[in-house]
Amino acid sequence: MSASVFDDLRATAHAAADAADVETLAHFRTRGLLDDNKDAGGYDPVTIADRAAERAIRVVLADRRPDDAILGEEEAATPGTSGLTWVIDPIDGTRGYVSGTPTWGTLISVRDDTGPIYGIIAQPYIGERFEGGFGHAAMTGPRGTTPLACRDTPAIEDAVIFTTFPEVGTPAQRRTFEAVADRCKLVRYGMDCYAYALLAGGHIDLVMEAGLNPYDIQAPIAVIQAAGGTITDWTGAPAHDGGTALAAGSATLHQTALTLAAGATA
């Protein structure tokens, strides 16, 4: 793949994020924001902002990259002929979005047959974009642009770990998470995709989640790998298709966490 193609993919991703920003910010923290529940047995909200942002992203992709496939959360998958697929989540963390917290984000990534090759984690309300791929890893925000680099924390006793929900997933998955988290220095909850951005920025050490879809994780994979981190599922296999995810700033810490997880499920 040539440098010109890389540049076009990156420019397209940012144009798509710009279009999504308009829609998500138009509705964020507005009174009377309504949501539909997609989970009859629980609460999985979707709002007008989710749908409008995905439509806006798709318009950009159709215009700039009409031969690429698209996989998104809110609309049916679109086939392509180029061998590239855009994987998008217009609002990752809709529960946080409807609650007014600024830790939701828009996830935009592009993958080939090997997995994600470039991704953006965008948080427009606080004006931050974390991007990774094509030899580039950086965060652009109110204070300018800074490189992304995961921190090297080899000992799990010194690690800070995040997950989105205290219950994590199934009861068995929660026990697996706790086997890792109980060894860490600090456990925090509730960041959705922003936790992966914090890991790529070198602020935390581990993220461990379950119940993921491909559009939840492919952009974080690209960003974290570009920042020097490691991310797999809980068995060490690729996490591209969702399920579970274990992200670590250092390879040593990742292996320790995998060993603990395996011991909890043995």
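The structure presented is a predicted model; accordingly, all values stated were derived computationally and were not measured.
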Work out which heavy atom in [X] is nearest to a heavy atom in [Y]; give both atom names and the distance.
X      : Y      : answer
Ala261 : Trp234 : CB-O, 4.2 Å
Ile224 : Cys150 : O-SG, 4.2 Å
Ala239 : Asp233 : CB-N, 3.7 Å
Asp92  : Asp216 : OD1-OD1, 3.3 Å
Ala257 : Leu206 : CB-CD2, 4.3 Å
Ala226 : Ala137 : O-CB, 3.5 Å

Hey, what do you get for [atom1] ([X]) to [atom2] ([Y]), rounding to the nearest 0.5 Å?
X      : Y      : atom1 : atom2 : result
Ile88  : Glu73  : CD1   : CD    : 10.0 Å
Phe134 : His136 : CZ    : NE2   : 11.0 Å
Asp192 : Gln123 : CG    : CD    : 11.0 Å
Leu212 : Gln218 : CG    : CD    : 11.0 Å
Ser82  : Asp67  : OG    : CG    : 6.0 Å

Taking CZ in Arg188 as the centre, count heavy atoms belonging to other residues, nucleotides or ligands within less than 6.0 Å. Is the count above 12?
no

If you count the non-hydrogen atoms of other residues, nucleotides and ligands that lie under 6.0 Å from CD1 in Ile48, is the total more than 12?
no

Which is it for Ile217 and Ile231 under the side chain to side chain contact (heavy atoms under 4.5 Å, CB included) test, yes or no, and what are the steps along the way?
CA-CA 10 Å; Ile217 196 62; Ile231 179 167; 3.8 Å; yes

Side chains of [X] and [Y], donor plus acceptor under 3.5 Å:
X      : Y      : answer
Asn213 : Tyr215 : yes
Thr47  : His27  : no
Tyr118 : Arg111 : no
Thr140 : Thr145 : yes
Thr153 : Asp205 : yes
Trp86  : Asp68  : yes
Glu209 : Thr164 : yes

Testing Thr94, Leu33, Asp50 one by one against Pro45 for a side chain to side chain contact (heavy atoms under 4.5 Å, CB included), which residue passes?
Thr94

Salt-bridge test for [X] and [Y]: reply yes if a basic N is under 4.0 Å from a carboxylate O, no otherwise.
X      : Y     : answer
Asp63  : Arg58 : no
Arg129 : Asp21 : yes
Arg64  : Asp8  : yes
Glu131 : Arg10 : yes

Mark yes or no for whether Ser109, through its side chain, and Pro116, through its backbone, hold a donor-acceptor pair below 3.5 Å.
no

In one Ile/Leu/Val/Met/Phe/Trp/Tyr side-chain cluster, 4.5 Å: Tyr194, Met208:
no

Find out if a path of hydrophobic residues (ILVMFWY) with successive side-chain heavy-atom gaps under 4.5 Å connects Leu71 to Ile57.
no

As a quick check of understanding, evaluate side chain to side chain contact (heavy atoms under 4.5 Å, CB included) for Leu199 and Val223, giving each step before the final call.
CA-CA 10 Å; Leu199 191 144; Val223 173; over 6 Å; no

Salt bridge (charged side-chain N to carboxylate O under 4.0 Å, His left out) for Glu157 and Arg183? Distances and angles first, verdict last.
CA-CA 6 Å; Glu157 291 78 12; Arg183 295 283 303 276; 2.9 Å; yes

Kindly determine whether Phe162 and Tyr189 satisfy ring-ring contact (aromatic ring centres under 6.0 Å, His included), including the steps that lead there.
CA-CA 6 Å; Phe162 269 74; Tyr189 301 99; 8.5 Å; no

